[in-house]
Amino acid sequence: MELVASEGPLFAEVDMGADSSAATVRATVVQASTIFYDTPATLDKAERLLAEAAGYGSQLVVFPEAFVGGYPRGSNFGISIGNRTLKGKEEFRKYHASAIDVPGPEVERLAGMAGKYKVYLVMGVIERDGYTLYCTVLFFDSQGRYLGKHRKLMPTGLERIIWGFGDGSTIPVFETPIGKIGAAICWENRMPLLRTAMYAKGIEIYCAPTADSRDVWQASVTHIALEGGCFVLSANQFCRRKDYPPPPDYVFTGTEEDLNPESVVCAGGSVIISPSGTVLAGPNYDGEALITADLDLGEIARAKFDFDVVGHYSRPEVLSLIVRDHPATPVTFTSAPLKPEGPHK
């Protein structure tokens, strides 16, 4: 199927001719920009897009990396080796204020949206845990229940100055009536051992929110579909310079002088790929869009017949993987919580 225009409704008609003997799931990846530093407005935009996707019969909707909270493209937060500027610290304060607590009121609102429109929702957010931020994906079912989260294990490059690192306790794959759903974010999709852990959990619909709009990203997600025998749904933002605050409030370091308000700073490339490596929809580099396809779940068994990476094509006596899936906490208190004292007599 294909997609939709950037003016007015983002409409996508779909007719994939799926095998009627197997379950079919209609899925949409959202290609749209955050409203930067304005989380309430971003949530309003998310609901509009979710309503449109549900109107086309989508059962699963996937949003880009850091859609709620924003991807701070071009910013260096005033960092150089051995120095952090006051302006950069203030920029981080504003970014921290745009992030969301999990759980929290924004999570409740997202859950309400999923229930209202009867869709499974996969949403990229910036999670605030005290004063540390995480690039996170949240999962919701079609009854409006929050299922859980995945925190990005390895931020890339300068992302490491603003985001903490996830651990093995948040690599979930959720078994749902529409398939087994999980996610990995952007370049952590290039980590073979993480992918293997997800394959071992039986992932069938592999969500890959990203910030990478380069052509080579298509090779990565196509390989994952073939390697894992799973559908890959990759959602990226489409952003112009005007979608970020203007200078001097926000500066694209090293490129600001070459940009005008209409300059494209992230070209999207959102795509849906089948377990056979066939591109079902996208990639789109034209603007904001809803990109939709019907997923014939029978394709998974047909692909696994050829190659099942953690099944008949594995050699555990030669190669194996151990995943430490417990929470990694910096401080552990061994004593039981003290009971509050009753009134003195």
Side-chain angles (χ1 to χ4, degrees), residues 1-6 8-16 18 23-35 38-69 100 102-125 136-150 172 174-183 204-209 231 233-238 270 272 280-282 284 288-295 297:
M1 128 258 89
E2 266 301 314
L3 22 113
V4 165
S6 59
L10 300 180
F11 176 68
E13 279 293 347
V14 186
D15 182 5
M16 294 306 301
T24 300
V25 174
R26 182 160 292 185
T28 293
V29 294
V30 173
Q31 180 164 290
S33 174
T34 301
I35 301 174
D38 194 338
T39 297
T42 298
L43 289 170
D44 290 343
K45 182 174 183 177
E47 181 160 10
R48 292 194 300 270
L49 294 165
L50 196 62
E52 287 188 43
Y56 311 140
S58 292
Q59 298 157 275
L60 169 65
V61 182
V62 181
F63 278 76
E65 177 179 11
F67 185 78
V68 176
I100 67 172
V102 181
E106 294 86 359
V107 176
E108 292 175 5
R109 182 171 178 193
L110 289 167
M113 292 181 200
K116 178 179 179 180
Y117 299 106
K118 302 294 188 288
V119 298
Y120 285 82
L121 172 61
V122 178
M123 176 63 74
V125 307
T136 298
V137 169
L138 306 180
F139 301 85
F140 304 87
D141 72 10
S142 59
Q143 303 304 306
R145 292 175 294 210
Y146 167 61
L147 298 177
K149 67 186 178 185
H150 165 62
F174 297 101
E175 186 160 3
T176 78
I178 65 169
K180 296 177 181 177
I181 302 170
E204 296 170 332
I205 301 176
Y206 186 121
C207 303
F231 291 94
L233 282 59
S234 182
N236 193 7
Q237 299 194 33
F238 183 94
S270 301
I272 300 175
L280 301 179
N284 179 293
E288 293 200 344
L290 299 181
I291 300 165
T292 302
D294 282 348
L295 314 183
L297 300 187

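Please read all numbers here as calculations on a predicted model, not as lab measurements. Values below: all heavy atoms of this structure, side chains included; hydrogens, waters and symmetry mates excluded.
- A donor-acceptor contact shorter than 3.5 Å is absent between the side chain of T136 and the backbone of V125.
- To the nearest 0.5 Å, atoms CG (D294) and OG1 (T24) are separated by 6.0 Å.
- S33 meets the side chain to side chain donor-acceptor pair (under 3.5 Å) test with no other residue; sequence neighbours excluded.
- Of all heavy-atom pairs between A27 and L233, the closest is CB-CD2, 3.6 Å.
- Scanning all heavy atoms of the two residues, the minimum distance from A293 to I272 falls at N-CD1, 3.8 Å.
- Between K149 and L138, the closest heavy-atom pair is CB-CD2, 3.7 Å.
- Atom CG of residue L147 and atom OH of residue Y120 lie 7.5 Å apart, to the nearest 0.5 angstrom.
- Across E65 and P209, no two heavy atoms sit closer than the pair N-CB, 3.4 Å.
- When the salt bridge (charged side-chain N to carboxylate O under 4.0 Å, His left out) test is applied to K180, no partner is found at least two apart in sequence or on another chain.
- In this structure F140 satisfies the ring pair (Phe, Tyr, Trp, His ring centres under 6.0 Å) test together with Y146, sequence neighbours excluded.
- Remark: E47 pairs with R109, K116 by the salt bridge (charged side-chain N to carboxylate O under 4.0 Å, His left out) rule, at least two apart or across chains.
- Judged purely by atom type and a 3.5 angstrom limit, Q59 has no side-chain atom pairing as donor or acceptor with the backbone of V119.
- Side-chain N/O atoms of Q237 and T34 include a donor and acceptor closer than 3.5 Å.
- Of the inter-residue distances, the one linking L297 atom CG with F231 atom CZ reads 6.0 Å to the nearest 0.5 angstrom.
- Scored by the ring pair (Phe, Tyr, Trp, His ring centres under 6.0 Å) test, F67 finds F63 as partners (sequence neighbours excluded).
- The shortest side-chain heavy-atom distance between Q31 and P64 does not fall under the 4.5 Å cut-off.
- Remark: the backbone N or O of L60 is not paired with any side-chain donor or acceptor of S58 at under 3.5 angstrom.
- The main-chain N or O of V61 is never found under 3.5 Å from a side-chain atom of T28 such that the two would form a donor-acceptor pair.
- When side chains are defined from C-beta on, V62 counts as touching C207, because their heavy atoms get closer than 4.5 Å.
- Within the 4.5 Å cutoff, no side-chain heavy atoms of R26 are placed close to those of L295.
- The ring pair (Phe, Tyr, Trp, His ring centres under 6.0 Å) check on F174 picks up F139, with sequence neighbours excluded.
- Here the rule is side-chain contact (heavy atoms from CB on, under 4.5 Å) with L50, and of L290, V30, L121 only L121 fits it.
- When every heavy atom of L43 is checked against every heavy atom of L110, the shortest pair comes out as CD2-CD2, 3.8 Å.
- Minimum heavy-atom separation, V137 to V122: CG1-CG1, 3.4 Å.
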